[in-house]
Every structure is written in C-alpha cells, then in structure tokens.
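Everything below concerns the one structure shown next.
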There are 2 protein chains.
Amino acid sequence: MAYRIGELAKLTKLSEHTLRFYEKEGLLVPKRNDSNIRVYSEDDRLWADFIVHMKGTGMSLEDLKKYKVLRESESENYEELVAILVHHKDNVEAKIAEYQHNLELMNKKIDMYRQYINGNDEKDLYQRFVEGKNTKNE
Amino acid sequence: MAYRIGELAKLTKLSEHTLRFYEKEGLLVPKRNDSNIRVYSEDDRLWADFIVHMKGTGMSLEDLKKYKVLRESESENYEELVAILVHHKDNVEAKIAEYQHNLELMNKKIDMYRQYINGNDEKDLYQRFVEGKNTKNE
DNA sequence: CCTTGACTTAGAGTTGACTCAAAGGTGTAG
DNA sequence: CTACACCTTTGAGTCAACTCTAAGTCAAGG
C-alpha cells in the first residue's frame, strides 16, 4: 500500500501542511514517484502513527527525530532505543499519576459545590474547603 | 498568614516574574501594603495552588480567568462553576485514557526490543511488529 | 478541457505562557 | 549603613509546533 499526501493526512489526521513540515524537519521523509509526488509507504504510515501517539503523550519532535536516527542506524542501538522508550514511559506514568491526583481534587470540589447548591449555607467554610484548605499537600 | 512575592514564589514554585504576570493578567491580584508591596493572603495562596493544579492538567489561563470571575461574582453561579469543573474533569479523564493506551503500546514495544536484544533473530518480523519498519531497502 | 490534487520556495504569522532586561526607585532589618 | 527584597514601566524575546500565503507549475482522470 502506498499513500499520497492527502490520503495520509486523512489517515493520520495530520494536515498536509504538517506532513510537509515533518518532511522538512527530516522526521518523515517519503519517496517520490516519477512526477515528484510524495509517496508514503506502509512503513511511513506506521511511523506516522507512531509519531502521533508519541507526541500525543508529550514527546517532542526533537526526541522523535533522535529516536528515528537510532532506529534507522545499522548499529543496532536497541538498548538506547529502549532507554528512550522507558524514559518516556516513566514521564507518561508520572503525568498520569499527577492527573489522577488532580482529578481527585476536582471531584472533591465538585461534590462540595453540589452540596452547597443543595442548600448548605456555610459559605466561608465551604470556600476554604473547596479552594484548598485540605488540598494543600505537596 | 500573609506572603510577599518571594515567599509565595517559593511556596508555589512559580517565579516572581510569573506571579507579576498573573497579576497583570488579572488572574491573581494581591493587596498592597502601605509601602506598595504585594501582600498575598492565605486565600491568594490557596487560589495560586489551585491555579497550579489546574494548569498542570492543561487548563488554560483564559479558562482560569473565567472561573475566577464566576467564583468572585455575587450571583451564585455555582452551577456554572461546577459545569466548568466537570468539563475539565472529562478532559482530564480522556487524557488519562489516551495516555494509558499509549503506555500499553510503549510497553509492548519495549518488550519486543528486549526480546530482540536477548537473541531473537527474526528481525524482519520484529521490526514490522514494533514500528512497521521492515528491512526492505529505502 | 477542466477540475483536482499535487508540487515549489521562502518567509511571515500564530498561540500560550512565560521570561527577561534596563534602569531606575523605596523600605526595612540587622 | 548596607544589603536585600521589593517596586516601577515598557517592551522585546523565547519556545514549540505548526499554519498559512503567494504565485506559480504540472499531470492525470472523467
């Protein structure tokens, strides 16, 4: 299977602009056909998907470029590749933990507001509770 | 308890620059003492912490400003406040789900690489599985 | 033939959230 | 007295990752 830029754009939900931008950046460089049209291979598509996933969890294009270099080198740098992945995984896990913590805070706050809406009148106490008095850890 | 800008900066891990920037933006506006020094109240600190938490999960300063307006209005817009919170919560939950999905992908990839490092020789199959890369010449 | 989708270069503009700089001035604790 | 933390204004700079524009050319399909 091979794709032209418009097709790949649809598949990856990246814009054509972005795809050309990635090419300029050396991150995703398709072959060209006789008419100089970009032809993305199946491999390119998978790599594009990978990019989308990784940047979706906060990996920078710079890091993706580094990863790409390693991945394409003949020197079998699998340990390095794994190290990058593990490092990023750790970051993502930390992010998840932080998000979950903040989710709890939000849920508490929401509950408090709802209680208040349902007639609790102790506004001062309420405000203190909701906006932080017992959410102060760290 | 009251804090000067340097103290609050330490507590919140925001820079003094940022705190002044937030003031300019109307997001966190402390009182001043007779010498025109910013004096952050306990409430201000709590609000600052809240800002840190929320922006840590991707809420924009714009949204935080809207939240602040609602929160400070006398018109008891608690439903609206809750709506904002719930909306943001939904976003955060979606983000967590996405992150977890990508975590799985990464873990699979890491396992594959490790298997390969430990002597599996089916490079083509492996590469295709991991990134869709195969060893066809490019 | 005409539309569609592709191509080019080069550079400018956007966004959000800072971040810093210059070049002063003031107030207070030790 | 001196150091230090604080204050001011205005505006410029930074960063990543796009996003778009102009102004043109080109090739294939219905």
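Just so it is clear: chains get the letters A, B, ... in the order the sequence lines come, proteins before strands, and each one is counted from 1. For clarity, every value in this text was computed on a predicted model and none was experimentally measured.
A/K108 has no carboxylate O lying under 4.0 Å from a charged side-chain N of A/E104, or vice versa, which leaves the two without a salt bridge. The existence of a salt bridge linking A/K66 and A/D63 is confirmed by a sub-4.0 Å separation between a basic side-chain nitrogen and an acidic carboxylate oxygen. Between A/R4 and A/E7, no side-chain nitrogen of the basic residue sits less than 4.0 Å from a carboxylate oxygen of the acidic one, so the salt-bridge criterion is not met.
The distance from atom CG of B/N33 to atom C1' of D/dC6 is 10 Å, rounded to the nearest whole Å. Here D/dA16 presents its C1' atom at 14 Å from NZ of A/K66, a figure rounded to the nearest Å.
Using modelled atom types, one finds no donor on one side chain facing an acceptor on the other under 3.5 Å when comparing A/Y99 with B/E93.
Applying the side-chain contact (heavy atoms from CB on, under 4.5 Å) rule to B/L14 yields the partners B/T12, B/T18, B/L19, B/Y22, B/V52, B/K55; only residues at least two apart in sequence or on another chain are considered. Scanning for side-chain contact (heavy atoms from CB on, under 4.5 Å) contacts around A/E79 gives B/I117, with sequence neighbours left out.
In terms of position on DNA chain C, the residue among A/I37 and B/L61 whose nearest nucleotide sits closer to the 5' end is A/I37.
Other residues, nucleotides and ligands place more than 12 heavy atoms under 6.0 Å from the NZ atom of A/K65.
By the 30° and 60° cut-offs, the orientation of the rings of A/Y78 relative to B/Y113 is tilted.
Hydrophobic clustering (ILVMFWY, side-chain heavy atoms < 4.5 Å, transitive): B/I5 and B/I37 are in distinct clusters.
On the nucleic acid side, DNA chain C has its first and last nucleotide under 4.0 Å of a heavy atom of chain A at C/dA6 to C/dT8, going 5' to 3'.
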Output one line per pair: protein atom, nucleotide atom from nucleotides 23-30 of chain D, and distance, for all N/O pairs under 3.5 Å.
none

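Residues of residues 86-103 of chain B that place a heavy atom closer than 4.0 Å to DNA chain C do not occur. DNA chain D is contacted by A/H17, A/T18, A/F21, A/Y22 of residues 14-26 of chain A, taking any non-hydrogen atom closer than 4.0 Å.
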**Request:** Starting from the C-alpha separation in whole Å, work towards a yes-or-no answer on side chain to side chain donor-acceptor pair (under 3.5 Å) for A/R45 and A/Y3.
**Result:** CA-CA 8 Å; A/R45 186 180 73 80; A/Y3 312 92; 3.2 Å; yes
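Taking the side chain as every heavy atom from C-beta outward, A/W47 and A/R71 approach each other to under 4.5 Å. Side-chain contact check for B/L28 versus B/D44: some heavy-atom pair is nearer than 4.5 Å.
Summarising the geometry of A/Q100 relative to B/I96, their closest heavy-atom pair is CG-CD1, 3.7 Å, with the distance given to 0.1 Å.
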